[in-house]
Amino acid sequence: MNGANHTMLEIKNLRARVGGKDILKGIDLAVGTGEVHAVMGPNGSGKSTLAGVLAGRSEYEVTAGSVTYNGRDLLGLDPEARAREGLFLAFQYPVEIPGVNNAYFLKAALNAVRKHRGDPEIDAMGFMALIRDKMALLDMDQALMSRPVNDGFSGGEKKRNEIFQMAVLEPKLAILDETDSGLDIDALKIVANGVNALRSPNRSAIVVTHYQRLLDYIVPDFVHVLSDGRIVRSGGKDLALELEARGYGWLEAEAQPA
Amino acid sequence: MATQTASRAGAGHYLAAIERAQRDRAHEPAWLRDVRRRAADAFGRMGIPTTRDEEWRVTNVAPMADTPFVAAPLATVSSEEVARFLVPGLAGPLLVFIDGRYAARLSAPGVLAAGLTIITIGDAIERAPASLEPWLARHSDSAVHPFAALNTALFEDGALVVVADNTVADLPVQLVFLSTVTPSPAISAPRVLVVLGCDSQARLVETFGSLGPARGFTNAVTEIVAGDGSVLEHCRIQRESESAFHIGHTAIHLGRSSRSSSHAFAFGGRIARHDAVAVLGDEGADCTLNGVYLAGGNQLIDNHTDIDHARPHGSSHELYKGILGGRARGVFNGRIRVRPDAQKTDAKQTNKALLLSAEAQVNTKPQLEIFANDVRCTHGATVGQLSQDALFYLRTRGIGLDDARSLLVRAFAADVTDRIPLEPVRAELERLLASRLPFLLGEEVPR
Ligand SMILES: Nc1ncnc2c1ncn2[C@@H]1O[C@H](COP(=O)(O)OP(=O)(O)OP(=O)(O)O)[C@@H](O)[C@H]1O
Ligand SMILES: [Mg+2]
C-alpha cells in the first residue's frame with residue numbers, strides 16, 4: 001500500500017445532474033498515487049456518471065464540488081486535455097465508430113498524447129511493434145486492428161479493446177467502468193493481467209465493478225460503495241467479500257438519513 | 001405569367017449566345033447543325049428552369065438566368081497552375097481544356113494504346129464527323145434537360161474517346177476542364193463523348209476546376225455509350241470555385257451485360273448541379289452511381305440521379321453521401337424507373353446526409369417508378385449529425401475536437417471513397433475532402 005504517497009485525485013463534495021435530475025449528491029473520494037480503488041454499488045447509483053464526469057462528458061452538469069487531479073482543476077479541462085494528462089476511461093459501453101480504422105485511430109490517439117508529453121511522433125514501424133506487444137499481452141486477434149473501431153465487435157472484444165487501448169496509452173489514472181461485465185472467466189483473467197501489468201507506484205486506478213471475482217485478480221487497496229449518488233461505505237478489500245455475501249440492502253438501510 | 005417572363009428573360013442571354021455561335025457553324029455537317037437546331041429549339045421552349053419546375057423545385061437558378069454570361073477571352077495558363085488539378089500519380093493520357101477550349105500545350109495525350117482513340121471534339125467535327133454521328137446527343141435527352149440542350153446547341157470543344165471492340169484501355173484517360181477568372185462572367189460548354197466497343201474496358205477521370213475565384217458558368221455534358229460486355233470506371237471531380245456556377249450532365253447508356261461504375265464528387269460551386277442519367281438499355285447490365293457532395297458557406301449542391309431499367313436482369317447500385325456545413329443546402333433526388341419489360345431487376349439506392357451546422361439543410365427525395373412485378377428495389381435515406389458519443393469517445397483518447405470531427409466526417413465519406421478502384425484517385429479525393437473540412441466546419445477557406 002502506498003497510502004502515504006501524495007494524492008493523485010481528490011474529489012470533494014461533487015454533485016452532478018443529468019437531464020435535470022441530480023445523480024451525484026456529494027461525493028468525496030481521494031485516490032493516492034499507486035493505489036487501486038474499487039467502486040461498487042447497485043444499478044443506477046451513479047457509478048458511470050462519476051466516471052463520465054471525471055472523463056469530461058458534457059451531458060453531465062457539475063453543480064457543486066471540485067476535482068483536483070495531480071494538483072490541477074480537472075473539471076476545467078476538455079476531455080482530450082484530461083486524456084493527454086494521463087486520464088483514461090474504459091467505457092462500460094464502448095462506442096462503435098464505423099469508418100474509422102482501429103489502428104489509425106489508436107495511432108492518432110497515441111501521437112496526440114505523445115505530442116503533449118513532448119515525445120516525438122511514433123513512426124509506423126514503432127507503432128506496429130508496440131501494438132504487437134500489447135496485443136500479445138491481451139491475447140487479441142490481430143484482425144481487430146484493421147477493422148473500424150468497435151464496429152461489430154462482440155461484447156467481450158469491445159472490453160478487451162478498451163484495455164488494449166489503455167495498455168498502449170499507458171495512463172496515469174485508469175478508470176475502468178465495468179470492464180469485467182460480459183467477459184468469460186478466461187477473458188477476465190487476461191484483462192486483469194493487462195491492468196496489473198500497468199500497476200506501478202506512480203499509476204492509480206478506479207475499478208467500477210459489480211463482482212467480487214474481478215477483485216480476486218485486481219486486488220484493490222480500497223473498496224467504496226456508491227448508493228444513490230453518495231459513497232455510503234468505504235473499506236479494505238474485505239468489504240467486497242462482505243458485499244458479495246450480504247448484498248447492498250443493509251448499507252442502503254444504514255445510509256438512510258435520520 | 002411571372003415565371004414565363006422570368007424564364008424568357010433568362011433564356012434571352014443564352015438564345016443570343018446560341019444565335020452568335022451559329023454564325024461560324026458553316027463547316028459543320030448538316031446532321032450536326034440539325035442536332036444543334038433541335039436542341040436550341042428545345043432549350044428555347046424550356047428556358048432556364050424556375051422553382052416551379054418539379055425537377056428544379058429547390059434549386060433556384062435565377063442568378064444564372066440573370067447573368068449575361070459571355071465567351072471567355074483567350075487566357076494564358078501555365079502548367080504549374082494546372083498541376084494542382086491533376087490527380088497525382090495517375091499515369092495515362094491527359095487532355096486539358098481552358099474555358100472550354102483545348103489547350104494542346106498543357107495536355108499530354110501520350111502514345112495511345114492500340115484500339116484507343118482520343119481526339120478533341122473540335123478536331124472530330126472538322127476531320128472525322130462520321131465518328132460522332134451515330135452517338136452524339138443520342139443519349140442525353142435534350143427534350144427534358146434544358147441545360148443539356150443548351151450544351152448541345154453551344155458546345156465547341158471537348159473530347160471524343162473511342163475504345164475499339166475487345167480493347168482493354170488500362171491507363172485512365174484524364175480530362176481536366178478549368179475556368180479562369182474573366183472580366184465578366186463567362187460560359188463554357190465542354191462536351192465529352194466516350195464510346196466503348198463490345199467487350200472493351202476503359203477508365204475515365206474528369207475534373208472541373210477554377211483557376212482562382214472564377215464566377216463563370218460551366219455547362220458540361222458527358223455522354224458514355226457502353227457497348228455490349230464492356231466495363232467502364234468513371235470518376236467525376238467537380239471542384240470549381242465557390243462563386244462559380246456548374247451544371248453537369250452525365251448520360252450513360254449501357255449495352256447488354258455491360259458494367260459501368262461512376263463516382264461523382266462535388267465540392268465547388270455557388271450553385272452546382274449534376275444529373276447522372278443511366279439507361280440500362282439491354283439485358284444484364286450493371287450500373288453503379290455513387291457520389292459524395294460537400295457544401296459549406298452559402299453553397300447549393302444538387303445531385304439528381306435517374307436510372308432507367310429498360311430491360312430484364314439489370315442491377316443498379318447507388319450510394320450518395322452529402323456533407324453540409326455553414327448555411328449550405330444539399331439536394332439529392334434519386335429516380336429509379338423499372339419498365340414493364342425489365343423483370344428481375346435489382347436496384348438499390350441509399351443516400352445519407354450529414355449536417356454539421358444548425359443552418360445547413362438537405363432535401364432528399366427517392367422517386368421509384370416500378371412497372372414490373374418480379375423485381376427487387378430498395379431505397380433508404382437518412383439525415384443525421386455527428387455522433388456526440390463517438391466524438392466524446394475519440395476525445396477521451398486524446399484526439400482534439402477538430403481532429404475528432406474531421407475523422408468522423410471522413411469516415412462518413414469513406415463508404416464511397418473506399419469503393420473507388422483507382423488508388424491515386426481515391427487518395428486524391430480523400431485529400432480534397434480533408435482539405436475542405438475546415439471550411440465546412442466553420443474555419444477558414446482552404447486555397
Ligand atoms: N442522459 C440521462 N438522462 C437522464 N437520466 C440519466 C441519464 N444518464 C444517466 N441517467 C440516470 O442516472 C442514474 C445513474 O446512472 P449511472 O449510469 O451512473 O448508474 P450506474 O451506477 O453506472 O449503473 P449500472 O450499474 O447499471 O451501470 C440512473 O438512474 C440513470 O437512469
Ligand atoms: Mg454504469
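Scope of the values below: all heavy atoms of this structure, side chains included, with no hydrogens, waters or symmetry mates.
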Note: vs chain A, highest number of non-hydrogen pairs under 4.5 angstrom among Ala413(B), Ala390(B), Ala404(B), Ala414(B) is Ala390(B)

Hey, is [atom1] on [X] packed in by over 12 heavy atoms from elsewhere, all under 6.0 Å?
{"X": "Arg335(B)", "atom1": "CZ", "result": "yes"}
{"X": "Arg376(B)", "atom1": "CZ", "result": "no"}
{"X": "Lys352(B)", "atom1": "NZ", "result": "no"}
{"X": "Phe127(A)", "atom1": "CZ", "result": "yes"}
{"X": "Lys365(B)", "atom1": "NZ", "result": "yes"}

What distance separates [X] [atom1] from [Y] [atom2], expressed to the nearest 0.5 Å?
{"X": "Arg397(B)", "Y": "Leu106(A)", "atom1": "CZ", "atom2": "CG", "value": "9.5 Å"}
{"X": "Ile97(A)", "Y": "Leu394(B)", "atom1": "CD1", "atom2": "CG", "value": "4.0 Å"}
{"X": "Thr396(B)", "Y": "Gln165(A)", "atom1": "OG1", "atom2": "CD", "value": "8.0 Å"}
{"X": "Arg84(A)", "Y": "Ile399(B)", "atom1": "CZ", "atom2": "CD1", "value": "9.0 Å"}
{"X": "Asp389(B)", "Y": "Arg57(A)", "atom1": "CG", "atom2": "CZ", "value": "5.5 Å"}

Between Asn111(A) and chain B, which part of the residue has a heavy atom less than 4.5 Å away: side chain, backbone, both or neither? neither

What part of Arg82(A) gets closer than 4.5 Å to chain B, counting heavy atoms only: side chain, backbone, both or neither? neither

Tell me, out of [options], who's got the most heavy-atom pairs with chain B below 4.5 Å.
{"options": "Ala109(A), Gly99(A), Pro79(A)", "result": "Pro79(A)"}
{"options": "Pro148(A), Ala81(A), Gly56(A), Gly52(A)", "result": "Gly56(A)"}
{"options": "Leu169(A), Leu110(A), Val113(A), Leu89(A)", "result": "Leu89(A)"}

Taking the side chain as every heavy atom from C-beta outward, state whether Val100(A) and Leu408(B) have any pair of such atoms under 4.5 Å apart. yes

Does any part of the side chain of Val95(A), heavy atoms only, come nearer than 4.5 Å to the side chain of Phe392(B), both counted from C-beta? no

Heavy-atom closest contact (Glu80(A) atom, Leu401(B) atom, distance): OE2-N, 3.1 Å

Which atom names give the shortest non-hydrogen contact between Gly398(B) and Ala112(A), and what distance separates them? O-CB, 3.1 Å

Aromatic contact, Tyr393(B) with Tyr93(A) (centres under 6.0 Å): no

